[in-house]
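The figures here come from the full heavy-atom set of this structure, side chains too, leaving out hydrogens, waters and symmetry mates.
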Amino acid sequence: MSDAEDDAVYIFPGEELKEAMEASARKKIIIGPGLRGKFRENRVVASRGGQVRKKKNTTFWLNSHQKRYVPAKGDTVIGYVTGKSTETFRVDIGASEAASLSYLAFEGATKRNRPEVNVGDILFGRLLVASGEFEPELVCLDSSGLKKDRFGVLPVDGFVFECSINLCRKMLDDKFPLTRALAKDYRFEMAVGINGRIWIRGHTPRQTIGLSHAILGVQHIPKHQLDDYCRNIVGELAGF
């Protein structure tokens with residue numbers, strides 16, 4: 001099985017991914033979204049239908065055009081602060097329920113030194129807890145306890161737009177043609193949430209909107225037309 005879309009393999013909910021189990025017999029593997037490991041039964045099965053993807057034969061996941069975001073531990077997400085209490089914030093992450101975010105889940109935060117976060121702010125965070133038994137819990141820190149990748153409140157002069165979850169995963173791939181083309185020719189800031197939201201900021205508001213349209217436009221471009229699309233869109237953005 002190849003990572004190329006031309007050799008794409010699709011599986012249905014409940015179907016086994018034998019390649020993942022064969023790899024697990026030789027080394028430790030990571031099971032990502034769309035897959036569920038039943039290691040006592042020596043099985044990896046799909047929890048939803050989608051295209052099988054892998055990285056270095058150690059990480060496996062499914063790409064699917066799901067509409068509603070299902071929280072998963074470790075996901076980076078973009079959310080809107082909808083409320084605050086004595087100890088926590090409530091954050092809309094586009095899931096079936098809001099996530100909680102502790103005042104102390106920011107770099108350098110203490111009980112005396114609380115972060116400056118208000119209702120309506122846009123946050124970029126990482127899911128620390130995500131399971132059916134507990135409400136999602138966010139942190140604005142990386143796994144080492146440090147602020148990284150712009151975790152925290154996002155600047156208001158950026159622009160947030162919604163797109164497919166599948167496109168968000170593609171934009172996180174440095175090898176995705178559009179990601180490479182834009183990074184090569186433009187300097188901009190971007191935060192990608194696995195929950196189907198992207199925040200972007202260019203040098204000017206006009207360039208910011210142009211970049212967002214370029215990203216949204218690639219959603220339904222066939223693979224064999226990607227290179228042409230990237231060349232054309234980069235040329236069009238030169239006027240921004």
4.5 Å side-chain heavy-atom contact, [X] and [Y]:
X      : Y      : value
Glu19  : Lys54  : yes
Val45  : Leu17  : no
Thr208 : Ile200 : yes

How far apart are the closest heavy atoms of [X] and [Y], and which atoms are they?
X      : Y      : result
Trp199 : Val160 : CD1-CG2, 3.6 Å
Ile11  : Ala46  : CD1-CB, 3.6 Å
Ala23  : Asn57  : CB-O, 3.8 Å
Pro136 : Pro71  : CG-CG, 4.0 Å
Tyr10  : Gln51  : CE2-CB, 3.4 Å
Ala105 : Leu141 : O-CG, 3.7 Å

Item to check | Arg36 atom CZ: more than 12 heavy-atom contacts under 6.0 Å | outcome: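 No, the 6.0 Å shell around CZ holds no more than 12 heavy atoms from other groups.
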Report whether [X] and [Y] are members of the same hydrophobic cluster (ILVMFWY, side-chain heavy atoms less than 4.5 Å apart, transitive linking).
X      : Y      : result
Val81  : Leu104 : no
Val234 : Tyr229 : yes
Ile30  : Leu35  : no
Val192 : Val153 : yes

Item to check | Test side chain to side chain contact (heavy atoms under 4.5 Å, CB included) applied to Ile194 and Leu172, step by step | outcome: CA-CA 9 Å; Ile194 300 299; Leu172 284 171; 3.2 Å; yes
Heavy-atom donor-acceptor pair, [X] side chain to [Y] backbone, under 3.5 Å:
X      : Y      : result
Lys84  : Val117 : yes
Asn113 : Gly108 : yes
Glu15  : Phe12  : yes
Arg169 : Ile165 : no
Asp121 : Asn118 : yes
Gln219 : Cys163 : no

With rounding to the nearest 0.5 angstrom, report the [atom1] to [atom2] distance, [X] to [Y].
X      : Y      : atom1 : atom2 : answer
Tyr80  : Leu154 : OH    : CG    : 10.0 Å
Ile93  : Tyr69  : CD1   : OH    : 5.5 Å
Arg201 : Gln207 : CZ    : CD    : 12.0 Å
Arg231 : Glu236 : CZ    : CD    : 13.0 Å
His213 : Leu237 : NE2   : CG    : 10.5 Å
Ile215 : Lys170 : CD1   : NZ    : 13.5 Å

Checklist entry - Where does the angle between the aromatic ring planes of Phe151 and Phe124 fall among parallel (under 30°), tilted (30 to 60°) and perpendicular (over 60°)? => result tilted
Checklist entry - How far apart are the C-alpha atoms of Leu138 and Leu123, what are their side-chain angles, what is the distance that settles it, and do they pass the side chain to side chain contact (heavy atoms under 4.5 Å, CB included) test? => result CA-CA 10 Å; Leu138 278 173; Leu123 287 169; 5.6 Å; no
Next on the checklist: Pair Val119, Thr82 - check side chain to side chain contact (heavy atoms under 4.5 Å, CB included), show working.
Outcome noted: CA-CA 5 Å; Val119 172; Thr82 58; 5.6 Å; no
Please table the atom pairs, donor to acceptor, closer than 3.5 Å between any side-chain atom in residues 176-185 and protein atoms at least two apart or in another chain.
residue	atom	partner	partner atom	Å
Thr179	OG1	Met171	O	3.4
Arg180	NE	Lys175	O	3.4

Next on the checklist: Taking side-chain hydrogen bond (donor to acceptor under 3.5 Å, both in side chains) as the definition, give me every residue that meets it alongside Trp61, ordered by chain and number, with sequence neighbours left out.
Outcome noted: Asn63
Checklist entry - Can you list the residues that meet the side-chain hydrogen bond (donor to acceptor under 3.5 Å, both in side chains) rule with Ser85, with sequence neighbours excluded? => result Thr88
